[in-house]
Amino acid sequence: VVIFPRTVGDGLGNRIFVERVPLDPAVTEPMTSDSGPVGLRGLRSGQTLILRGDASLPYGFGVVGASLMFEGGSAGDHLEVVDSMVIVDAGTIGEQFWAHEGTSVAMNGGMIGRYLTIYGGAELMMTGGFLAGAELSGVDEFGPDIGLVFKRAYAEISGGHIQEFFVGGNAAVQISGGRFDQPKAEAGSVFGGFSATRGGEVHLFVSQLLIDGEVVPLAPHVSTEILQRSGSELEAVLRDGSVFELQLGGINQGSRNFVPDDALLTATRGPINPLDFDLNNIVDISDLFAFIMAFTMSPADARTDFDGNGVVNISDLFAYITAFTASP
């Protein structure tokens, strides 16, 4: 039995009776299920479960300190995970999937239903698949002995299709690709779309940024805070070429993706293709010359850290030339 803090868990009555019983040793060899219901109610520390085919997990499946991998199969509603890894390459996860502190959710394909919640200290990394709805919910834990502790919820999105996404306070998302739906009216209420609230952070990685139809000049590889708000319309061409649109500040009418004035919004310009060093959306010999010129500057241009290890050295030049000669 796992009892989560009241700030992130279900309400419990005034009395809790706990009985300590011996448990059989946990199976630590990776387990694989290819079909039918899986005969488990949860995973314990150190366990790994791989789902394939039409294997299925029951409603309310719990994962603590373990790894759950979807190469197919499905999980029912109310999957609850703490201090674990969940990898979704295929298959489906139902509604109200709760990822608590210490959990990393990597979504490369498949489908996750509405009300995925990434709590403080957890993260979502999305490169593909369909996400019906998610919330980043940074949690503030407090107590008489520890005071106030801030735990940030975090997400990186570079691909896939997202129907609804909400960035709460004390939460941050980096967006470099993917398709985000605009809000829709359903049965008298508004559903879907992207929005943030006070204290949330939205960081865009773009090849071009426009506000009210005018191109915003951005220095390459430099994060720039977007201060122009008051109902302006933002259109960003993300690094994967998809278009991301927002209403900036003003009154949220519920008909547009929305970031308020008191949320942090930044944009960083960079190439869709890392070989496009001169940022003209074409990879040709001029990019190679530009990279070499920047590399030979004294000191070397920080953008020539091609392998991303924080140090510019000869290995970056070799890495760029190797990738450039191998490109179509």
Side-chain angles (χ1 to χ4, degrees), residues 4 7-8 43 51 57 61-71 74-75 77-140 150-181 192-197 199-205 238-240 242 244 246 257 259 263-266:
F4 294 105
T7 51
V8 297
L43 295 177
L51 296 182
L57 300 179
F61 194 84
V63 181
V64 180
S67 297
L68 178 59
M69 305 178 185
F70 291 82
E71 297 178 2
S74 64
D77 294 347
H78 290 283
L79 174 64
E80 192 158 9
V81 182
V82 61
D83 194 24
S84 298
M85 168 67 77
V86 178
I87 300 175
V88 185
D89 292 323
T92 63
I93 297 177
E95 296 187 347
Q96 294 183 311
F97 169 15
W98 294 333
H100 295 284
E101 182 180 2
T103 295
S104 180
V105 179
M107 187 175 185
N108 308 308
M111 173 181 173
I112 297 178
R114 295 173 66 179
Y115 312 119
L116 164 65
T117 303
I118 304 295
Y119 286 103
E123 64 180 15
L124 167 68
M125 304 293 178
M126 184 173 179
T127 64
F130 175 75
L131 178 56
E135 175 182 353
L136 299 182
S137 177
V139 176
D140 299 338
F150 296 95
K151 300 177 182 178
R152 189 170 73 154
Y154 178 73
E156 288 185 11
I157 300 170
S158 59
H161 178 187
I162 297 177
Q163 195 169 44
E164 182 174 33
F165 199 91
F166 175 73
V167 183
N170 198 26
V173 60
Q174 293 190 1
I175 301 172
S176 60
R179 171 188 165 192
F180 289 79
D181 286 358
F194 180 95
S195 61
T197 191
E201 298 180 14
V202 180
H203 304 285
L204 304 178
F205 291 81
L238 301 175
R239 282 184 174 173
D240 70 344
S242 57
F244 183 72
L246 287 173
N257 290 340
V259 172
L264 175 64
L265 175 64
T266 70

Review point. Hey, mind stepping through His161 and Asp181 against side-chain contact (heavy atoms from CB on, under 4.5 Å) and telling me if it holds?
Key: CA-CA 8 Å; His161 178 187; Asp181 286 358; 2.9 Å; yes
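- In summary, the side chains of His203 and Gln174 do not present any donor paired with an acceptor at a separation below 3.5 Å, with no hydrogens or angles considered.
- Between Phe194 and Asn257, the shortest heavy-atom distance links the atoms N-OD1, 2.7 Å.
- At distances below 3.5 Å, not a single donor-acceptor pair connects side-chain atoms of Thr197 with backbone N or O atoms of Gly169.
- Ring orientation note: the planes of Phe165 and Phe180 are nearly perpendicular, at an angle over 60° on the 30°/60° scale.
- When all heavy atoms of Asp240 and Ser158 are compared, the pair lying nearest together is OD2-O, 4.0 Å.
- One distance of note links CD of Gln96 with CG of Leu116; it measures 11.0 Å at 0.5 Å rounding.
- In this structure, Thr127 and Asn108 approach most closely via the heavy-atom pair OG1-OD1, 2.8 Å.
- Remark: Tyr115 OH to Asp77 CG distance equals 10.5 Å, nearest 0.5 Å.
- Nearest heavy atom pair, residue Phe166 against residue Gly168, reads CE2-CA, 3.6 Å.
- Atom-to-atom distance recorded for Met107:CE and Ile87:CD1 is 13.5 Å, nearest 0.5 angstrom.
- Here Ile157 contributes atom CD1 and Arg179 contributes atom CZ; the two are 14.5 Å apart, rounded to the nearest 0.5 Å.
- Looking only at distances, no side-chain donor or acceptor of Ser84 sits under 3.5 Å from a matching main-chain atom of Ser67.
- Taking CZ from Arg114 and CD from Glu95, the interatomic distance works out to 6.5 Å, rounded to the nearest 0.5 Å.
- The minimum heavy-atom distance between Ala196 and Ala263, with the atom names listed, is CB-CB, 4.4 Å.
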Practice item. Could you walk me through whether Ile118 and Thr103 pass side-chain contact (heavy atoms from CB on, under 4.5 Å), step by step? Key: CA-CA 9 Å; Ile118 304 295; Thr103 295; over 6 Å; no
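- Looking only at side-chain heavy atoms (C-beta outward), Leu124 and Leu131 come within less than 4.5 Å of each other.
- Closest heavy-atom contact between Asn170 and Lys151: ND2-O, 3.1 Å.
- Under the 3.5 Å distance criterion, with hydrogens and angles disregarded, no donor-acceptor pair is assigned to the side chains of Thr117 and Glu135.
- The side-chain contact (heavy atoms from CB on, under 4.5 Å) test with Leu68 is passed by exactly one of Leu57, Val88, Ile93: Leu57.
- To the nearest 0.5 Å, atom CD of residue Glu123 and atom CD of residue Glu101 are 12.5 Å apart.
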